[in-house]
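Read the structure below first, then the notes.
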Amino acid sequence: MTKEFGRPPLAEENRALVEQRLKDMAGGNGVRETLTVEWRTQPLHVEVIDMPVESLYYNPGTHRIRAQRSHDPVQDELLDREPWAPASQDYLDYLLQMLPADPSKRDPDFDDLLESLRAYRQNEPGLITREGILVNGNTRRAALKKLGVANIRVGVLPESCTWDDINAVELSLQLRPDQRRNYSYINRLLAMEEQHLMGRTLADVAREFRIRASTCEQDLWILSCLRDLIERSQDGGAQLRLLDFEQHQEKLRELYRRYAKESEVSKDNAEVLKETRLAAIVLGFSKTDVRLIEPDFRERYLDKKLPDAMKTESDAPAAVAIPGLNRTMKPAAPRVAKAKALTDAILKAKAVETAEDGLLTERSKTAVEMFGAARVAVEEALEPAGKDARVRKRKQAAQDRITDACQDIEQCITDLTLAKASGSLDEEAFDEAVLTLRETLTKLAVVTQRSIKAPGDGVSWLRESVKKEGM
């Protein structure tokens with residue numbers, strides 16, 4: 001069920017004004033503007049009217065700034081307690097204007113919206129309940145309010161509208177392909193999770209968001225991972241927030257794909273890979289850097305660079321008891337526990353550094369030093385890892401090109417059959433191409449004589465074939 005926020009203070013006044021303006025609209029002779037929305041799985045045409053900007057309320061449950069609310073925990077708590085209080089509505093107004101990844105900075109997209117509204121006024125109507133709660137158009141209302149525009153055009157939902165309807169309609173409007181300003185990455189994940197928790201299947205949620213079910217599963221896994229990181233980052237009053245991961249979308253998606261692939265081979269290796277890559281993401285490394293981290297990254301490269309204080313040797317984890325079943329679960333492997341311990345230390349340092357930004361306390365100084373030392377260690381470890389990766393790529397290049405050539409020849413067989421059937425085969429040109437292939441294979445055989453000292457079956461066949469041809 002969607003959270004209920006009750007009715008705003010001016011609910012009755014707004015209801016009366018809405019009814020009057022709808023009545024005036026019905027009795028007029030002009031062209032009546034309507035807006036089509038998805039209402040309880042069916043299309044519904046609602047009337048559009050003008051409403052005073054100052055009379056309307058921001059939707060406290062809007063998905064647009066769900067993650068950003070944690071920017072100020074005190075205001076977030078007040079918003080939960082008193083969503084219609086002026087201070088709460090002012091906080092929503094502030095967040096709607098700020099950058100999703102960093103709510104302390106102004107969002108350039110909001111400034112673009114301001115300029116558009118200043119030049120062309122309102123192109124698309126918003127959407128409200130009869131009590132004056134904005135279902136769609138929260139950001140437009142913030143921009144119009146800043147410009148000092150008195151009225152906003154809005155469609156009006158039916159009287160029977162509930163908070164479940166508000167949530168569903170907002171989501172359906174936002175997910176339309178023509179929407180220009182999408183939800184931020186984390187807010188999109190939260191909206192997907194909300195729909196799934198309401199009992200909808202992954203297939204239904206994926207269809208709603210116009211993605212594949214596998215992508216939906218991936219995104220929910222990522223959100224679960226982030227919640228786990230946030231819980232583990234808690235250190236006193238300091239804790240990371242979901243919005244701290246807004247800019248890591250591609251890195252997290254690559255992590256899921258690599259984790260899923262590694263899990264098919266070794267669950268422990270997959271967990272070590274996950275923990276080490278998450279640590280690198282929190283440390284702020286780029287996607288190409290994070291990609292270099294494999295399950296053996298710590299043993300081969302990182303342990304040599306880590307300060308002694310960070311080389312925590314975890315005791316062998318005890319088996320975990322299952323309450324009520326008189327059974328235990330197998331504990332995590334020592335190397336997994338060690339990887340988690342390092343990630344936890346980095347998470348806590350990042351949380352304290354973020355919470356006490358600018359404060360010269362002993363705690364913040366220790367956190368900054370620890371975070372900086374961890375980043376330097378990983379950066380130094382990535383250098384040899386990158387060199388080794390480039391060497392491996394060069395080593396694999398030769399066989400990869402042979403494989404590609406084989407695939408092209410397979411396709412050639414099909415094309416040759418089709419060309420023969422249609423009478424379009426240029427036999428002379430084809431013969432010339434085969435001679436070029438023969439010449440190329442001869443050159444390859446000569447090179448293998450110098451490069452490969454102990455030939456296998458394939459290289460031996462190539463050399464023998466060339467020898468028999470007398471080439």
Side-chain angles (χ1 to χ4, degrees), residues 1-8 11 14-15 18 22 34-49 51 56-69 79-80 83-84 92 95-96 100 124-142 152-213 215-217 219-220 223 242:
M1 289 290 289
T2 304
K3 181 176 179 179
E4 300 274 345
F5 290 97
R7 300 176 64 192
N14 281 332
R15 180 179 286 277
V18 166
L22 287 173
T34 61
L35 174 68
T36 304
V37 299
E38 186 178 321
W39 176 256
R40 298 173 184 171
T41 73
Q42 298 295 325
L44 175 70
H45 305 292
V46 298
E47 299 281 356
V48 174
I49 61 174
M51 284 292 287
L56 302 183
Y57 292 89
Y58 295 120
N59 175 11
T62 179
H63 296 94
R64 182 166 296 287
I65 50 173
R66 185 75 57 83
Q68 286 66 36
R69 285 179 47 171
L79 189 54
D80 267 335
W84 312 114
L92 292 172
L95 292 177
L96 288 164
E124 294 291 329
L127 187 67
I128 63 169
T129 67
R130 308 237 165 182
E131 288 81 16
I133 302 167
L134 282 154
V135 178
N136 190 45
N138 286 276
T139 313
R140 269 169 287 171
R141 191 252 185 169
I152 178 173
R153 285 169 35 243
V154 287
V156 182
L157 288 174
E159 287 192 54
S160 62
C161 182
T162 65
W163 279 102
D164 282 337
D165 293 324
I166 291 173
N167 184 60
V169 172
E170 183 205 3
L171 201 59
S172 68
L173 286 171
Q174 181 57 42
L175 295 177
R176 283 181 177 178
D178 60 350
Q179 284 290 323
R180 292 185 180 179
R181 193 167 183 247
N182 295 324
Y183 288 149
S184 71
Y185 173 54
I186 298 296
N187 286 324
R188 187 177 176 86
L189 297 186
L190 289 171
M192 290 169 62
E193 180 192 51
E194 181 183 85
Q195 293 298 303
H196 189 47
L197 291 176
M198 289 170 66
R200 301 184 67 181
T201 64
L202 280 179
D204 284 342
V205 176
R207 196 177 303 110
E208 184 81 27
F209 282 80
R210 296 177 173 83
I211 57 177
R212 295 189 299 270
T215 305
C216 184
E217 183 180 1
D219 287 343
L220 291 177
L223 184 57
L242 281 172

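At a threshold of 4.0 Å, the pair Glu159-Arg15 counts as salt-bridged, since one of the basic side-chain nitrogens sits closer than that to a carboxylate oxygen. Salt bridge Glu208/Arg200: present, at least one basic N to carboxylate O contact under 4.0 Å. Checked for salt-bridge contact, Asp219 and Arg188 miss the test: no charged N lies under 4.0 Å from a carboxylate O.
Within 6.0 Å of the CZ atom in Arg40, the count of heavy atoms belonging to other residues, nucleotides or ligands exceeds 12.
Lys3 has its side chain out of reach of Trp163: every pair of non-hydrogen atoms, C-beta onward, lies at least 4.5 Å apart. Using a 4.5 Å cut-off on side-chain heavy atoms (C-beta onward), Leu35 and His45 make no contact. Proximity of Ile49 to Met51: side-chain heavy atoms (C-beta onward) are separated by under 4.5 Å at one or more points.
A donor and an acceptor atom, one from each side chain of Thr62 and Glu170, are located under 3.5 Å apart.
A donor-acceptor pair under 3.5 Å is absent between the side-chain atoms of Arg212 and the main chain of Ala206, judged by distance alone. Within the 3.5 Å criterion, the main-chain N or O of Ile152 finds no donor-acceptor partner in the side chain of Arg141. In this structure a side-chain-to-backbone donor-acceptor pair under 3.5 Å is present from Trp84 to Phe5. Between the side chain of Asn187 and the main chain of Arg64, a donor-acceptor pair closer than 3.5 Å is present. Judged by distance alone, with hydrogens and angles left aside, the side-chain atoms of Asn138 form a donor-acceptor pair with the main-chain N or O of Asn59 at under 3.5 Å. Using a distance-only test at 3.5 Å, with no hydrogens or angles considered, a donor-acceptor pair links the side chain of Arg210 to the main chain of Leu175.
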Take Tyr57 and Asn14 through the test side chain to side chain contact (heavy atoms under 4.5 Å, CB included) and record every step on the way to the result. CA-CA 10 Å; Tyr57 292 89; Asn14 281 332; 3.9 Å; yes
Step by step, would you call Glu194 with Asn167 a side chain to side chain donor-acceptor pair (under 3.5 Å)? CA-CA 10 Å; Glu194 181 183 85; Asn167 184 60; 2.8 Å; yes
Go through it in stages, so that I can follow the logic: the residues are Val135 and Thr129, the test is side chain to side chain contact (heavy atoms under 4.5 Å, CB included), and I'd like the CA-CA distance, side-chain angles, deciding distance and then a yes or no. CA-CA 7 Å; Val135 178; Thr129 67; 3.9 Å; yes
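Relative orientation of the Tyr183 and His63 rings is tilted, given thresholds of 30° and 60° on the angle between their planes.
Taking both residues in full, the closest heavy atoms of Pro125 and Arg140 are given as O-NH1, 3.2 Å, listed atom of the first, atom of the second, then distance. Between Leu44 and Pro158, the closest heavy-atom pair is CD2-CG, 3.7 Å.
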